[in-house]
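Below: one structure, written as structure tokens.
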Amino acid sequence: MNASISISEKISEFLKNVEQHSDLNAFITINSELDSLAAISDERIAAGLARPLEGVTVAVKDNISIKGMQLTCGSKILNGFQPLYNATVVELLTDAGALMVAKTNMDEFAMGSSNETSYFGPVRNPHNKQCVPGGSSGGSAVAVAAGICDVALGSDTGGSIRQPAAFCGVYGFKPTYGRVSRYGLTAFASSLDQIGIFSNNITDMRNVFRVIAKHDKFDSTSHVNAAFNEDANTNGNANTNGNANGNANTEPLAEIRVGKLAEKYLVGCAPEIISAYNAMLQDMVQRGCVVEEVLLPNIETWIPTYFILATAEASSNLARFDGVRYGNRVGDGTSDFITDSRTDGFGEEVKRRIMLGTYVLSSGYYDAYYKKAQQARRLISNAYATMFTTVDVLALPTTPTTAFPIGDKTADVVSMWLSDLYTVSANIAGIPAISIPYGKDGKGLPIGLQLQSAMFTDEMLLDVAEQITLACAT
Ligand code: GLN
């Protein structure tokens, strides 16, 4: 975040950058009131009344509501829809002085791993424009990776922040479920959805998280202890270093216990990702961590469990888009206009998920699929809880490969879904997880590695990620 220019100048820079990078297709809507908002920020700075995030530019995924700005969820069915209220995260950031500069392109209703399912066309990866940026929060990842915005908000239901962060070479953080309010986020799979942050460094990430981690009475799943814990340090205990401003503990990683995956869990990973993973673990050992192999007995159940639960919840959540209440309506309001509106308004991937979700919830198959997936979810959460009694952090790849070419996986849905292998479990278990940029492959495409930790240890996770970054930079 560059403090040497005025916020008004920063906004004209932003608008120029948006123009210059229009081929990336990262944005759906640009805030039309930026000039007056920037002027207010400049006045506050001049008067010595700057708020904690004064003039910070935030790109917001287009499934998060900003009053007065169209909200599309990347779908034709919502094209032109004007929401009537701000999401809680938007309220909190605006009150802290941040500027909501734009709404970002995304996979339709956050369903996808490549940003190719958007009604507004694919987003392109700034590191190679023939490649996908990842999804579903691809536009938010690109906005930060291309340096157009300071930070961005995304939503992560099964990896949609971490995976595009990895593909674009930025940080992507999914907090513990319940620490950031989902009020004003269009639901995909409510028990898995979590709003999180993209940034170019951990300081920005921490500053934004400090503002948006807050209990919210408008979200019944918001946790009463959601607020940022200034006293947490890298050991997750009270901070005894007298670090009054709550910034990162810059001590080495002494005594952090890190779990690593056995080699068999890395089968299918690109060799360069495995090398980066091993290098990171090596760095951690050198910095005083204790690294040990951990058992994750049910890894093969992660993807099926996720896709059953996520599609079941999606089929119910998306029932509200009927051509009556929101956005696009086909026909004259008589005959089959609900069917016609949904047929016309939803894309192929969304229809696939609604059909699968309806099937797994149907009376004849409920026990065989949905109930079993709920049971598997419990086993996965239990396995994580047990593992976190022996390690503080689990290190794993974010993705099995780096960014793939646009169009490469669109014909093979299963291979697309399998690309979420390492990310979905954090949502199933509700735990915090972060993807950190860790070098590039031979083609110059970014590699992202992931750290996960127990529920409510988000502050510790950010501290550890910061230390790893320092290691990577040296
Ligand atoms: N790629 C996953 C999916 O398609 C995750 C999506 C998400 O996190 N929103 O379901």
Side-chain angles (χ1 to χ4, degrees), residues 60-64 73-75 104-118 122-123 132-141 152-168 172-175 177 180 182 185-198 302-315 317-318 346-357 360 373 397-401 403-404 408-410 412-435 448 450 452:
V60 179
K61 187 175 181 179
D62 207 15
N63 58 355
I64 298 173
C73 290
S75 181
T104 57
N105 202 346
M106 57 180 280
D107 276 307
E108 186 177 6
F109 284 103
M111 298 172 190
S113 308
S114 65
N115 229 297
E116 294 166 291
T117 72
S118 170
V123 178
V132 303
S136 62
S137 317
S140 289
L153 295 179
S155 65
D156 191 311
T157 304
S160 277
I161 292 175
R162 291 160 284 154
Q163 189 253 22
F167 279 10
C168 292
F173 173 44
K174 178 203 98 69
Y177 186 78
V180 175
R182 291 182 296 110
L185 166 71
T186 309
F188 161 10
S190 321
S191 77
L192 304 160
D193 296 340
Q194 183 60 72
I195 290 177
I197 308 158
F198 292 90
W302 290 356
I303 287 282
T305 302
Y306 169 78
F307 276 98
I308 290 170
L309 295 177
T311 55
E313 292 188 34
S315 71
N317 276 325
L318 269 58
F346 286 136
E348 191 186 333
E349 182 66 16
V350 173
K351 286 178 186 152
R352 178 172 14 252
R353 306 255 183 143
I354 291 173
M355 285 195 283
L356 183 58
V360 298
T398 307
T399 53
T401 67
F404 45 85
D408 218 32
K409 294 192 193 233
T410 35
D412 182 356
V413 179
V414 174
S415 86
M416 184 77 90
W417 289 9
L418 282 173
S419 68
D420 300 328
L421 173 63
Y422 296 113
T423 49
V424 293
S425 55
N427 304 74
I428 293 172
I431 59 174
I434 186 166
S435 179
Q450 192 185 184
Q452 303 179 341

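Numbering of ligands and ligand atoms starts at 1, following listing order.
The closest protein non-hydrogen atom to atom 5 (C) of ligand 1 is Tyr306 OH, 3.3 Å. Closest protein heavy atom to atom 4 (O) of ligand 1: Arg353 NH2, 2.7 Å. If you check which protein heavy atom lies closest to atom 2 (C) of ligand 1, you get Asp420 OD2, 3.0 Å.
Salt-bridge check for Lys351 with Glu348: failed, with every basic side-chain N at 4.0 Å or more from each acidic carboxylate O.
Considering backbone and side-chain atoms together, Asp156 places no N or O closer than 3.5 Å to any N or O of ligand 1. Between Gly112 and ligand 1, an N or O atom pair is found at a separation short of 3.5 Å. Distances between N or O atoms of Gly159 and those of ligand 1 include at least one value under 3.5 Å. The N/O atoms of Phe307, backbone and side chain alike, include none that comes under 3.5 Å of an N/O atom in ligand 1. Considering backbone and side-chain atoms alike, Ser160 places an N or O below 3.5 Å from some N or O of ligand 1.
Note on ring orientation: taking the six-membered ring where Trp is involved, the planes of Trp417 and Phe307 are parallel (angle under 30°, cut-offs 30° and 60°).
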Test side chain to side chain contact (heavy atoms under 4.5 Å, CB included) applied to Phe109 and Arg353, step by step: CA-CA 11 Å; Phe109 284 103; Arg353 306 255 183 143; over 6 Å; no

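Nearest heavy-atom pair across Ser155 and Asn63 is OG-ND2, 3.0 Å.
Applying the 4.0 Å criterion to heavy atoms of Ser136 picks out, from ligand 1, the atoms 9 (N). When each atom of ligand 1 is checked for a heavy atom of Ser113 under 4.0 Å away, the hits are 1 (N). Atoms of ligand 1 found under 4.0 Å from any heavy atom of Ala110 (numbered from 1 in listed order, with element): 6 (C), 7 (C), 9 (N). Residue Gly158 has at least one heavy-atom neighbour below 4.0 Å for each of these atoms of ligand 1: 5 (C), 7 (C), 8 (O).
Between the CD atom of Glu313 and the CG atom of Leu192 there is a distance of 5.5 Å, given to the nearest 0.5 Å. Atoms CG and CD1, from Asp420 and Ile303 in turn, are 5.5 Å apart once rounded to the nearest 0.5 Å.
When non-hydrogen atoms are compared, ligand 1 lies under 4.0 Å from the side chain of Phe188 (C-beta onward) but not from its backbone.
Contact annotation: the side chain of Val350 never approaches that of Thr117 to less than 4.5 Å [non-hydrogen atoms, C-beta and beyond].
When each of Thr186, Asn317, Thr157, Asn427 is checked for a side-chain hydrogen bond (donor to acceptor under 3.5 Å, both in side chains) with Asp193, only Thr157 meets the rule. Evaluated for a side-chain hydrogen bond (donor to acceptor under 3.5 Å, both in side chains) with Lys61, the options Ser136, Ser140, Ser160 yield exactly one hit, Ser136.
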